[in-house]
Amino acid sequence: MASVTLHDVSKSYDAAVPAVADLTLEVVDGEFMVLVGPSGCGKSTLLRMIAGFVAPSEGSITIGGRDVTDVRPRDRDVAMVFQSYALYPHMTVRQNLEFGLKRRRQPRAAIDEQVSEAARVLELEPLLDRHPDTLSGGQRQRVAIGRAMVREPAVYLMDEPLSNLDAKLRVSMRSELARLHATLGVTTIYVTHDQTEAMTLGDRVCVLDGGVLQQVGEPRALYERPVNRFVAGFIGSPAMNFVEAEVIDDALVYGALRIPLDGRLRDELDGRRSVTVGIRPGDFDLDGDGAVRVTVTPELLEYLGGEQAVEFPLAERGERFVALVSPRAPIGLGRPLELCVASDRIHLFDHGSGLALRSGRDAVRRPLETR
Amino acid sequence: MRRPGFHLDAWRFTLYGAALIVAGICLFPYLVMVSTALKPDAELAGAQSWLPTAPNWSIFVDIWTDETVLRGLRNSLIIAFGVTFLTLACAIPAAYALARHRFPLRDGFMTVVLVTQMLSPIVVIVPLFQTATDLGLLGGFPGVILASSAFILPFSIWLLTGFFSAISTELEEAATLDACGRLATLWHVILPLSLPGLAATAVYSFLFGWNEFVISLTFLSAVPEKWPVTVGVFSSIGQWDIGWQALMMTALISTLPVLLLFSFVQKYLDRGFATLIGR
Amino acid sequence: MAVTSVTPAAGPRGGERARLPDGLWRLYAYLLPAALLLAAVLAIPIVQTVWLSLHTQEGLSPEKTWVGLANYRDLFADGTFWRVFAQTVVWTVSVVGVTTVAGFAVAHVLQARFRGRWLFRVVLMLPWATSLALSAVVWRFAMSPKGLVNESISLLGLGEVSVAWLADVPQAALAVIYVGIWGSVPFTAVMLVAAMRSIPDSIHEAAELDGAGALARAFFVTLPMIRRVLLVVTLSNFVLVFNSFPIIYVMTGGGPVNKTDILATYLYRTGFSGDFDIGTASAIAVVILVLLLVMSIVYVRGLVNRTRV
């Protein structure tokens, strides 16, 4: 077990566009850290740098306090679960599990013990003599995890390991991964583009965009206090609604939306005349006592079972807003509807930089760790 | 293509007709081989007919006691296996480096590989002959094998590079984490997964060695006891005076291993062709 | 041959240069055996060929005399050379042309499902699998005046013939061209079938719904969709046939009196028979190399351009 530190790491494949830019991140011992972001954000490059497949252009990487920047992948004491599983197709499950240990010349008895332990934990015993191509997706996934487990590495690296599974299996494998991590307690770095996966699995989540670290923090912190518009929009589903509002008569106004300025909002505005307002669909209420009230006309209703999504415009030809409300709410297409939002659920972002506005001591001007 | 009623019959008719004609054209020389091999000398003298009046079936047995023929077949085998071995030994590492790594001169090497496929032995046979003479490689198998391999090597590298590139990088990365160096990765992961490609490459180089003509003709002309079948049959009038029947039989026999190999690896060859054209 | 400098790079472009913990030299070690073999048997001899073409050599003696471009001057002043040159063009164009058309047709037969298809496939591959040197001997034998070719023509009801197929032109030229086509159709057809298999069934079904018959589909669906492979196969046939040696050398030996010679056989007989004129043979080889260079530029250009469509 070990901590992993990335210190001012950069990687550029071609000079113009860095894949990862000047990134510093510490993953503490035993932590489940999720790297998340849209495709091309540099998360996979980052993981491959930790594994040693990609050499950083600048910066250093330490694992368990040891500088491994120039250490070969095999000597870094890391194990990886690949997106495609990367099981050796010509070997049986048992041979797949054994291969790394054999290459490391472990004694036969130790290998057998490791393999049977992993097979027991992952319920692979009946599959040991089969070849990967005869296994289902979920079974292959477990073999891939098993191959990492038998090595007893200091760090697990997982590259979108669930993305090839169907939706249902993904959910069950997700909880299995969480359970495994709880049992083994090994430092894990997990890459995904799926924010739900990130939120449910991560002790902490690191959001990347365009090779730049946006925010690192516990899932709740990312959701509640996103540092910028990107993180706010990326985390949470359906995504946060954004509009450009202007200050008119002591209120932020966009179309029908009118947000009275209270103390906090005024502090955060800090004299700006226009600002980006963000409201999460789930923060709308049908009959709460929130300070912000708006009457809208639904244009689209989506019944989701546990809730229903209402889409409505706030201004003519404006973008549609989405609100999640109770599935039993008596609403209909074209029937005016009053929604309210608590004032403290309003997020403000700087119009130009997209940074979240924070008041007073809380002010944030650059991406920062929030715990 | 499933079509109803009369249409189907007309379609089938055309199809079988075409297939029969093409097959007839392809088979012609082989029918000549069989027909001629079975004829007694007298029937070869005058105007020939397809069916021998008194077929000499014993040729099928006798041919296997003809030392000249057996020696020729053995020589062909030595050359073909030599070419196969040398080609694979050179092509596998080269293709691996080309498929898996980026390095200076890589693209240049790939271009050389692509362009040298156009060279046939005939254009460099004169200096090759002189160099072989200087190095004392004339009149022996090593010279023939070395020279022949070079002409099938570019194609083999190209084919194998395609197969190696098709293997997922993640598998190789997994092998790296499992403590495999380049050589171990090649041995434990790349080669077992490229069996179709290796089979196709081996068959191609074997065929090339088995059928090679110009280099053997030039390098071995002074030593008839080392002639492969191709040179022997060609020179039959002189040194290989074994009669037309035995000659035809030899040609037929030397087609056999090729045919066997071909049906054995047909599946792999198909994938080889698919790789070839998929690029 | 300075091929590398004039041809565009064909391999995938390398983006990243990975850190090489084992060192670059070890990577080059992987290429070394292949590079050595190619250099020894292809590269160095090409240079030697050029050098030899500027010298004259008495028979088999190692004495070489510098003569500059005299070999080329003599060659280009020689009517036989130009006749052989023209014959080479006729040979290459007619064999490749017919092979392409016939290959496309045979590919359709090969692709159809019918009973005994596997047998047809094996039979079709025979000409490709047999050494051309061997089949040429058999063809030569069958084409003698009393041979089985004439017998077959009679059997087909085309009249009693006793043509000495290889004794004079034009029939000798026709004969070798026929055998050339016979030898190159199979591989062409198999390659084209592989390409045709990669066309999704749904496209043919769509065309069928649009009212296209089998012939229309062959020309307006299949042909455009396999044109890249068709181009590659045709270009490589061009080079193969141009370089082809055994068929003509074995069947006619270039005769009668050079009338069926092509550059390849003319080169060989100049250098390895008669007065072993190494200088002139090398000059012919250089001419072939230049032509090949031109073809390879066309080939690589065609290949690279078409693959990037």
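We use all heavy atoms of the structure for the numbers below, so side chains are in, but hydrogens, waters and symmetry mates are not. The model shown is predicted, which means the values in this text are computed figures rather than measured ones. Residue numbers begin at 1 in each chain, while the letters A, B, ... track the order of the sequences.
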Mind ranking C:Leu36, C:Leu132, C:Val286, C:Leu37 by heavy-atom pairs under 4.5 Å with chain B and telling me who comes out on top? C:Leu37
Who wins among B:Ala89, B:Ser49, B:Ala18, B:Ser254 for the most heavy-atom pairs under 4.5 Å with chain C? B:Ser49
Is the closest side-chain donor-acceptor distance between C:Tyr268 and B:Thr218 under 3.5 Å? yes
Judged by atom type as modelled, is there a donor-acceptor pair below 3.5 Å linking the side chain of B:Thr230 to the main-chain atoms of B:Glu212? yes
Chain B shares the most heavy-atom pairs under 4.5 Å, among C:Ala285, C:Ala142, C:Ala129, with C:Ala129
Under a 4.5 Å heavy-atom cut-off, does chain C meet the side chain of B:Leu183, its backbone, both or neither? both
Give, as side chain, backbone, both or neither, the part of C:Leu155 having an atom under 4.5 angstrom from any heavy atom of chain B. side chain
Any donor-acceptor pair under 3.5 Å from B:Ser148 side chain to B:Ile145 backbone: no
Does some side-chain heavy atom of C:Gln57 sit less than 4.5 Å from a side-chain heavy atom of B:Gln130? yes
So for C:Val149, is it side chain, backbone, both, or neither that comes closer than 4.5 Å to the heavy atoms of chain B? both
Give, as side chain, backbone, both or neither, the part of C:Tyr249 having an atom under 4.5 angstrom from any heavy atom of chain B. both
Measuring heavy-atom distances to chain C, does B:Met118 have an atom under 4.5 Å in its side chain, in its backbone, in both, or in neither? both
Using heavy-atom distances under 4.5 Å, tell me whether B:Leu153 contacts chain C through its side chain, its backbone, both, or neither. side chain
Which atoms of B:Ala23 come close to chain C, meaning under 4.5 Å heavy atom to heavy atom: side chain ones, backbone ones, both, or neither? both
Quick one: sort the B:Trp244 and C:Phe141 rings into parallel, tilted or perpendicular, breaks at 30° and 60°. tilted
Side chain to side chain, B:Leu98 and C:Leu31, heavy atoms closer than 4.5 Å: yes
Okay, C:Leu267 and chain B: the region with an atom under 4.5 Å from a heavy atom over there is side chain
Just so I know, are the side chains of B:Trp210 and B:Ile79 near enough to count as touching, which here means a heavy-atom distance under 4.5 Å? no
Tell me, side chain or backbone of B:Phe208 under 4.5 Å from chain C's heavy atoms, or both, or neither? neither
Test item: C:Ser131 side-chain N/O and B:Asn211 main-chain N/O as donor-acceptor pair under 3.5 Å: yes
For chain B, the option from C:Asn243, C:Val239, C:Leu52, C:Leu263 that forms the most heavy-atom pairs under 4.5 Å: C:Asn243
So which part of B:Leu31 gets closer than 4.5 Å to some heavy atom of chain C, the side chain, the backbone, both or neither? neither
Kindly state whether the ring of C:Trp182 and the ring of B:Phe28 have centres lying under 6.0 angstrom apart. no
Backbone of B:Trp50 reached by a side-chain donor or acceptor of B:Ser35 within 3.5 Å: yes
Report which part of B:Ile25 has an atom under 4.5 Å of a heavy atom belonging to chain C: side chain, backbone, both, or neither. both
What part of C:Ser152 is in contact with chain B, defined as an atom under 4.5 angstrom from a non-hydrogen atom: side chain, backbone, both or neither? both
Could you measure the distance from the CD1 atom of B:Ile152 to the SG atom of B:Cys90? Nearest 0.5 Å is fine. 13.0 Å
Tell me, side chain or backbone of C:Phe114 under 4.5 Å from chain B's heavy atoms, or both, or neither? both
Comparing C:Leu126, C:Asp201, C:Leu124, C:Val137 against chain B, the one with the most heavy-atom pairs below 4.5 Å turns out to be C:Leu126
Looking only at B:Leu15, B:Leu186, B:Leu207, most heavy-atom pairs under 4.5 Å shared with chain C are made by B:Leu15
Between B:Gln245 and B:Lys39 (side chain of the first, backbone of the second, donor and acceptor by atom type, cut-off under 3.5 Å), is there such a pair? yes
Pair B:Tyr30-C:Thr130, side-chain hydrogen bond (donor to acceptor under 3.5 Å, both in side chains): steps then yes or no: CA-CA 10 Å; B:Tyr30 306 93; C:Thr130 310; 2.5 Å; yes
Is chain C contacted by the side chain of B:Ile125, its backbone, both, or neither, given a heavy-atom distance below 4.5 Å? both
Quick one: does any side-chain atom of C:Ser244 pair with a main-chain N or O of C:Leu240 as donor and acceptor, under 3.5 Å? no
Identify which part of B:Ser156 has an atom lying under 4.5 Å from any heavy atom of chain C, answering side chain, backbone, both or neither. neither
Measure C:Arg117 against the heavy atoms of chain B and call it side chain, backbone, both or neither at under 4.5 Å. neither
Tell me, side chain or backbone of C:Val250 under 4.5 Å from chain B's heavy atoms, or both, or neither? both
